Amino acid sequence: MRLSQSFIPTMRQDPGEAEVTSHRLMLRAGMIRKVAAGIYSYLPLGLRVIRKIEAIVREEMNRAGAQELLLPILSPAELWKETGRWDFYGKELIRLHDRHERDFCLGPTHEEVVTDLCRREVSSYRQLPLTLYQIQTKFRDEIRPRFGLMRGREFIMKDAYSFDRDEASSQHNYQQMYDAYCRIFSRTGLRFRPVEADTGLIGGISSHEFMVLADTGEELIVFDPDSAYAANVERAEVVPPPTPASAPENVSPLEKVSTPNAKSVEDLCALLKVDANRVVKTLLYQTGENEITAVLIRGDHQANEIKIKRFLGLHDLTLASPETVERITNAPVGFVGPVGLSPVRLLADHAIGALSDFIVGGNETDVHLINVNSPRDFAVDDWGDFRQAQAGDLSPNSDSRLQTARGIEVGHVFMLGTKYSEKMGSTFLDAEGQSQPAIMGCYGIGVSRTAAAAVEQNHDEKGICWPMPIAPFQVQILPVTSSDAVRQAAEQLYHELGQENIEVLLDDRNERGGVKFNDADMIGTPYHIIIGDKSLANNTLEIKDRKTGEKVHISPDKVTAWIKEAVTRKLEIGA
RNA sequence: CGGGGCGUAGCGCAGACCGGUAGCGCACCGCGUUCGGGGCGCGGGGGUCGGAGGUUCAAAUCCUCUCGCCCCGACCA
């Protein structure tokens with residue numbers, strides 16, 4: 001393609017709207033433009049990247065035995081009401097109605113629609129297993145769309161759904177999809193890691209997320225450097241500490257201390273000159289209209305609300321309002337403690353069980369209690385794993401300590417079990433003539449997000465450095481001086497590379513070299529071929545590797561073969 | 001939704017406190033010159049100052065309301 005005739009509006013300056021790297025660079029490279037918050041147009045260059053990712057996804061899904069179809073974006077409320085998600089999905093579901101006032105929504109995911117299809121068409125175990133997928137625009141009215149393509153309200157997703165006759169077959173299918181995902185992200189040239197994950201709104205039995213590792217990622221994961229264990233911190237189980245609390249005869253008597261204005265753990269530690277791990281914070285959650293639940297977490301730990309929600313079987317969990325806290329404890333927020341705190345249900349994280357002579361709030365303004373011990377001073381209703389895993393925690397899989405990393409969730413696989421098939425009556429007759437609900441799985445890949453994640457992971461101060469498999473073009477030719485000889489050499493090379501099916505962008509604009517260099521670096525084509533009078537005089541052309549910056553000078557007649565070999569190699573290794 | 005910030009030419013910004021008929025850089029158009037890392041000269045086009053209402057002789061500027069966008073927290077591919 002000729003740059004002079006292409007719609008690739010690059011920008012010289014950073015747009016004010018973008019702060020995150022991928023967002024900024026994709027705007028500057030002329031790949032996307034914003035239409036509204038979280039809604040973007042894919043310009044020709046951006047679309048080429050999307051199509052490349054889609055092609056890899058298609059190949060691997062097909063190879064894994066999945067069949068492509070296309071479900072409607074618009075779906076009727078009735079299906080969503082059957083599973084209860086019309087209400088449960090909340091404000092993220094974009095709802096609309098037709099001229100007859102019938103309710104519809106724009107599909108944020110397609111379990112309902114595909115399960116409806118399956119219950120109509122599948123009636124025998126002989127038709128299973130069945131895995132269907134589509135690549136389609138999805139709509140989720142995100143609370144806060146941000147970071148360009150990273151979290152849009154409209155985005156491109158590959159979603160797949162499996163239907164199996166039994167648990168073993170479903171697990172096999174899940175594993176096949178898991179393996180396909182590993183191949184997909186390897187092939188795109190991204191550094192990624194599958195991690196154990198929470199099931200969230202989709203629900204189901206178990207799931208893994210595929211995280212592209214990047215410091216700007218929104219997700220925090222923990223991993224064991226010495227085993228395969230890795231998990232989203234939301235999900236990561238914390239191994240209960242082995243150290244038992246001191247024997248009752250060895251603990252000190254309970255004591256009240258004055259702690260003026262010590263409303264946070266930091267304040268308290270500074271005031272009493274103790275470490276945060278000697279402090280226990282008491283969090284009050286509103287767990288029902290008139291029900292408060294207290295959760296004890298060690299001062300240096302973070303509460304994990306997902307674990308608490310799961311334990312309590314709740315959909316929503318919010319911290320109690322300051323007014324409520326005051327009403328219950330007769331003290332402002334910051335002085336809550338478990339001693340004498342009633343009549344609320346009291347949950348405690350396992351870490352508390354290993355503590356003795358610890359410090360808690362006194363349920364009185366400017367007062368804390370020290371030398372507190374359980375069960376001497378208060379009774380815990382339920383013990384559990386209620387905190388967020390963190391770096392330094394013991395791995396559940398080895399004796400190693402967990403480490404943390406940031407990641408961008410680009411894929412998510414779920415074992416759904418019969419959650420949807422039972423609610424919607426998607427059943428089949430087994431070999432014994434018994435009616436059984438299909439065992440389901442669902443598998444998503446954020447295609448547009450993968451493009452953004454690739455930029456987060458592959459860029460430098462000059463611009464994007466695309467991995468070859470998803471680069472919009474494989475080679476860019478830069479005639480950097482304007483003589484006829486240079487122009488002719490560029491044209492000839494452009495023609496030759498085209499003959500070899502190399503995807504080549506020729507910068508035939510009447511611009512100075514510097515402009516072309518900078519745009520090429522911004523766009524991030526993996527190889528740049530630089531043609532100028534200087535090099536032609538030596539009978540060489542210069543080839544620059546965008547990512548490494550390495551340059552080679554070779555004679556013009558060898559360039560096409562060299563490029564062809566190099567492109568093929570990079571496609572194979574996913575670099 | 002809570003907290004913070006911003007809407008002035010395609011992009012990046014100044015002007016606003018102190019009201020007086022809108023400016024700079026880049027981009028764009030023309031001519032010339034230049035040509036291996038965002039050249040230079042001359043000439044030129046382009047703005048309902050996000051929108052509505054108000055105060056005033058006069059509003060980008062002051063007041064009220066509103067819409068949009070970005071960033072930080074609760075959701076998710």
Side-chain angles (χ1 to χ4, degrees), chain A residues 9-20 23-24 27-28 30 33-39 53 57 89-93 108-110 135-160 181 197-202 207 209-212 218-219 232 234 305-306 309 315-319 321 407-414 442-453 462 478-483 486-487 510-522 528 530-537 541-542 544 551:
Chain A
T10 56
M11 299 194 234
R12 292 200 176 195
Q13 285 163 303
D14 279 334
E17 71 183 58
E19 304 214 349
V20 169
H23 187 195
R24 207 183 80 238
L27 284 167
R28 287 195 60 181
R33 285 293 184 266
K34 185 178 69 188
V35 175
I39 300 175
I53 296 170
V57 168
Y89 220 104
K91 289 187 176 172
E92 277 186 44
L93 197 58
T109 175
H110 279 69
I135 297 176
Q136 184 196 50
T137 299
K138 293 285 191 273
F139 296 83
R140 293 183 192 175
D141 201 355
E142 290 281 345
I143 291 170
R144 183 149 87 88
R146 56 184 149 175
F147 306 154
L149 295 191
M150 204 66 86
R151 180 175 298 281
R153 293 191 291 174
E154 174 179 326
F155 60 97
I156 299 172
M157 176 163 134
K158 185 285 301 179
D159 47 324
Y181 274 39
D198 186 65
T199 52
L201 269 187
I202 307 283
S207 81
E209 288 167 335
F210 287 75
M211 297 286 191
V212 166
E218 292 185 90
E219 306 293 333
N232 193 313
E234 293 175 348
E305 297 190 354
I306 288 174
K309 271 193 242 182
H315 178 214
D316 285 313
L317 186 70
T318 46
L319 278 169
S321 66
I408 300 163
E409 182 191 353
V410 290
H412 203 158
V413 294
F414 298 84
C442 73
Y443 318 91
I445 288 179
V447 173
S448 40
R449 181 182 281 180
T450 299
K462 292 290 229 173
L478 284 67
V480 291
T481 52
S482 62
S483 70
V486 165
R487 189 170 303 133
N510 185 22
E511 290 284 359
R512 294 171 59 87
V515 174
K516 295 187 182 184
F517 282 123
N518 283 310
D519 272 352
D521 286 343
M522 179 72 65
H528 301 169
I530 298 147
I531 307 178
D533 289 308
K534 280 186 193 169
S535 49
L536 279 187
L541 299 183
E542 178 180 322
K544 183 177 107 176
K551 292 173 180 173

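Chain naming here is simple, since letters A, B, ... match the order of the sequence lines and numbering starts at 1 in each. Because the structure is predicted, anything quoted here is derived from the model rather than measured. Note that these values count all heavy atoms, side chains included, but never hydrogens, waters or copies made by symmetry.
- Within 4.0 Å (heavy atoms only), Arg33(A) reaches no atom of the nucleic acid at all.
- Between the Thr10(A) side chain and the Gly30(A) main chain, no donor and acceptor come within less than 3.5 Å of each other.
- Between the CD1 atom of Ile135(A) and the CD1 atom of Ile53(A) there is a distance of 10.5 Å, given to the nearest 0.5 Å.
- Look at Asp521(A) and Lys544(A) and you find a salt bridge, because one of the NZ, NE, NH1 or NH2 atoms lies within 4.0 Å of a carboxylate O, short of that distance.
- Rounding to whole angstrom units, CG of residue Asp141(A) and P of A77(B) are separated by 16 Å.
- Among the protein residues, Val410(A) comes within range of the sugar-phosphate backbone only, with heavy atoms under 4.0 Å from sugar or phosphate atoms but none that close to a base.
- G32(B) is paired with C40(B) under the Watson-Crick or G-U wobble criterion, all donor-acceptor distances under 3.5 Å.
- The existence of a salt bridge linking Lys551(A) and Glu542(A) is confirmed by a sub-4.0 Å separation between a basic side-chain nitrogen and an acidic carboxylate oxygen.
- When the C1' atom is used for both A59(B) and G20(B), the distance is 10 Å, rounded to whole Å.
- A salt bridge does not link Lys91(A) with Asp141(A): none of the charged nitrogens is closer than 4.0 Å to a carboxylate oxygen.
- Side-chain atoms of Glu219(A) and Asn232(A) form a donor-acceptor pair, as typed in the model, at a separation below 3.5 Å.
- Within the 4.0 angstrom heavy-atom criterion, base atoms lie near Glu542(A).
- Evaluation of atom-type donor-acceptor distances gives a pair under 3.5 Å for the side chain of Arg151(A) against the base of C76(B).
- Looking at heavy-atom distances under 4.0 Å, Gly148(A) makes no contact with the nucleic acid at all.
- Looking at Arg151(A), Met211(A), Arg449(A) one by one, the single match for side-chain contact (heavy atoms from CB on, under 4.5 Å) with Ile408(A) turns out to be Arg449(A).
- Each of A77(B), A27(B), C71(B) was ranked by its minimum atom distance to the side chain of Glu19(A); first place goes to C71(B).
- Among the nucleotides A77(B), G36(B), A74(B), the one closest to any side-chain atom of Ile143(A) is A74(B).
- Atom CD of Glu17(A) sits about 4.0 Å away from atom NZ of Lys34(A), to the nearest 0.5 Å.
- You'll find that the side chain of Phe414(A) is closest to A77(B), out of G37(B), A77(B), C26(B).
- With P as the reference atom, A27(B) and C70(B) are 27 Å apart, rounded to whole Å.
- In this view, Lys158(A) and Tyr181(A) satisfy the side-chain hydrogen bond (donor to acceptor under 3.5 Å, both in side chains) rule, not counting sequence neighbours.
- Listed nucleotides G37(B), G38(B), G36(B) differ in distance to Asp519(A); the shortest reach to its side chain belongs to G38(B).
- Ser535(A) comes within 4.0 angstrom of a nucleotide base, judged by non-hydrogen atoms across all strands.
- A search for ring pair (Phe, Tyr, Trp, His ring centres under 6.0 Å) contacts involving His110(A) returns nothing, not counting sequence neighbours.
- Under a 3.5 Å cut-off, the side chain of Arg153(A) and the backbone N or O of Glu142(A) do not form any donor-acceptor pair.
- Nucleic acid contact for Glu219(A): base, since at least one base atom lies under 4.0 Å from a heavy atom of the residue.
- Atom C1' of U8(B) sits at a distance of 30 Å from the matching atom of G2(B), rounded to the whole Å.
- Residues that satisfy the side-chain contact (heavy atoms from CB on, under 4.5 Å) test with Arg33(A), not counting sequence neighbours, are Pro9(A), Met11(A), Leu27(A), Leu43(A).
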Using a cut-off of under 3.5 Å, enumerate the N/O to N/O pairs linking the protein to nucleotides 45-52 of chain B.
none

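- Ser448(A) places no side-chain N or O within donor-acceptor distance of the main-chain N or O of Leu149(A), the cut-off being under 3.5 Å.
- Base engagement by Gly532(A) is indicated by at least one non-hydrogen atom pair under 4.0 Å involving a base atom.
- Comparing the P positions of U56(B) and G12(B) gives an interatomic distance of 37 Å, to the nearest angstrom.
- Per the stacking criterion (ring centres < 5.5 Å, plane angle < 30°), Phe155(A) stacks onto the base of A77(B).
- At least one donor-acceptor pair closer than 3.5 Å links the side chain of Thr450(A) to the backbone N or O of Gly446(A).
- Across all strands shown, Lys34(A) has heavy atoms under 4.0 Å from sugar-phosphate atoms exclusively, and none from any base.
- The partner of G45(B) is absent, by the rule that a Watson-Crick or G-U pair needs both atom distances under 3.5 Å.
- Gly446(A) comes within 4.0 angstrom of a base, heavy atoms only.
- Closest to the side chain of Phe147(A), from the set C76(B), C71(B), G37(B), is C71(B).
- Spacing between C72(B) and G15(B) at atom C1', rounded to whole Å, works out to 30 Å.
- Considering only side-chain N and O atoms, Arg144(A) lies nowhere under 4.0 angstrom from the phosphate OP1 or OP2 of C69(B).
- Listed candidates were C76(B), C69(B), C72(B). Nearest to the side chain of Glu142(A) is C76(B).
- Closest to the side chain of Asn518(A), out of G37(B), C76(B), C69(B), is G37(B).
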Enumerate all atom pairs, one protein N or O and one N or O from nucleotides 11-15 of chain B, separated by less than 3.5 Å.
residue: C11(B); atom: O2; partner: Gln13(A); partner atom: OE1; Å: 3.0
residue: G12(B); atom: OP1; partner: Gly16(A); partner atom: N; Å: 2.6

Distances for protein N/O vs nucleotides 32-35 of chain B N/O pairs under 3.5 angstrom?
residue: U34(B); atom: O2; partner: Arg512(A); partner atom: NH1; Å: 2.8
residue: C35(B); atom: N3; partner: Ser482(A); partner atom: OG; Å: 3.0
residue: C35(B); atom: N4; partner: Ser482(A); partner atom: OG; Å: 3.2

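- Comparing G5(B) with G46(B), their C1' atoms sit 29 Å apart, to the nearest whole Å.
- Comparing the same atom, C1', in C49(B) and in G41(B) gives a spacing of 32 Å after rounding to whole Å.
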